[in-house]
Amino acid sequence: MDPFPASFYARSALEVAPELLGHCVVHDPPDVPRRVGRIVETEAYTEDDPAFHGWNARDPETGELQRTSRTADLFGPPGRSYVYLIYGMYWLLNVVTEPDGIGGGVLIRAVEPLEGLAAMRPNRPAAKRDVDLTNGPGKLTQAFGIDDETYHNVPLTEPPLYLARDSEAPTLSIVRSPRIGITKGAERPWRFSVAGHPYVSVKP
DNA sequence: AGTATGATTTCCT
DNA sequence: GGAAATCATACTA
């Protein structure tokens, strides 16, 4: 499986998000068995989006979006990670999209574990069944051992953590639906999931 | 099966 | 001061 190159991400999150479905998240650090998950659910966030981080941080004079300490990396070069703490407890994994200087990203919301399940289970003691290992954005970062300390703003185009094109990816039926857990911009159908897949976090 | 609530931190108004 | 791209648990039926 080959990592997607940075150029793959240098366009709108709305194009990248559905194209990632069926392909893989690979985590292969030293001393730990390799973990692989097939992406089954994503969400797109763009600059022109009330749900975008820092949407409210606008210059009162010009209306320009401000790069705040939290959001600056969303405006950086494409193909890098944006790891964000939500509700004080959970890390969410995004990949930065759009050309350098434009803000945008794709949230990885759910994966189906393909490899390294034995290494995921100890990270997810609350998971009673394997489906609970990675069927949510906070769950999959736990299963894969991803936090901001090591994995924020690193390239997702090379080991140890990368997104890879899976030539064996099955043909998919993709569903568009409103994004989960947001209030502003909630009507935009910018969530993409594999139809009927058991690892999708919330039924569309 | 469905609904309600607490945990806990960072950032913006 | 309060909201936030969530999850696990504890209820009710």
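Note that these values count all heavy atoms, side chains included, but never hydrogens, waters or copies made by symmetry. So you know, we letter chains A, B, ... as the sequences are listed, proteins then strands, and number each from 1.
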Problem - Atom-to-atom span, OH of A:Y84 to C1' of B:dT9 - whole angstrom - result: 10 Å
Practice task
May I ask you to test the A:V106-A:L20 pair for a side-chain heavy-atom distance under 4.5 Å?
Solution key: yes
Practice task
Take the angle between the ring planes of A:F4 and A:F8 and call it parallel below 30°, perpendicular above 60°, tilted in between.
Solution key: parallel
Practice task
Quick one: label A:R191 by what it contacts on the DNA or RNA (base, sugar-phosphate, nothing), any heavy atom closer than 4.0 Å.
Solution key: nothing
Practice task
Run the salt-bridge test on A:R11 and A:E19 with the 4.0 Å N-O cut-off and return the result as yes or no.
Solution key: yes
Practice task
Hey, could you give me the CG/NE2 distance between A:D2 and A:H23, rounded to the nearest 0.5 Å?
Solution key: 11.5 Å
Handout entry: Closest nucleotide among B:dA7, C:dA8, C:dT6 to the A:Y90 side chain
Key = C:dT6
Practice task
Give the nucleotide from the list C:dT6, C:dA8, C:dA5 with an atom nearest to the side chain of A:Y87.
Solution key: C:dT6
Exercise for the section: Name the nucleic acid region contacted by A:T183, choosing base, sugar-phosphate or nothing; use a 4.0 angstrom heavy-atom cut-off, strictly under. Expected result: sugar-phosphate
Fill in the blank from the handout: For C:dT12, the nucleotide meeting Watson-Crick or G-U wobble distances (both under 3.5 Å) is B:dA1
Completion exercise
Comparing nearest nucleotides in DNA chain C, the 5'-proximal residue of the pair A:Q142, A:I180 is A:I180
Handout entry: Cation-pi, A:Y45 ring and A:R179 (6.0 angstrom, 45 degrees)
Key = yes
Fill in the blank from the handout: Here the distance between atom P of C:dA5 and atom CG of A:L74, to the nearest Å, is 12 Å
Handout entry: Phosphate contact (C:dA8 OP1 or OP2) by A:K139 side-chain N/O below 4.0 Å
Key = yes
Problem - Below 4.0 Å: OP1/OP2 of C:dT9 and any side-chain N or O of A:K128 - result: yes
Exercise for the section: Ignoring backbone atoms, test whether A:R124 places a side-chain nitrogen or oxygen under 4.0 Å from the OP1 or OP2 oxygen of C:dC7. Expected result: no
Exercise for the section: Please tell me which of A:D132 and A:I182 maps to the more 5' nucleotide of DNA chain C, matching each residue to the nucleotide holding its nearest heavy atom. Expected result: A:I182
Handout entry: Gap in Å between the two P atoms, one belonging to B:dT3 and one to C:dA5, rounded
Key = 22 Å
Exercise for the section: May I ask you to verify whether the side chain of A:H53 and the base of C:dA5 hold a donor-acceptor pair under 3.5 Å? Expected result: yes
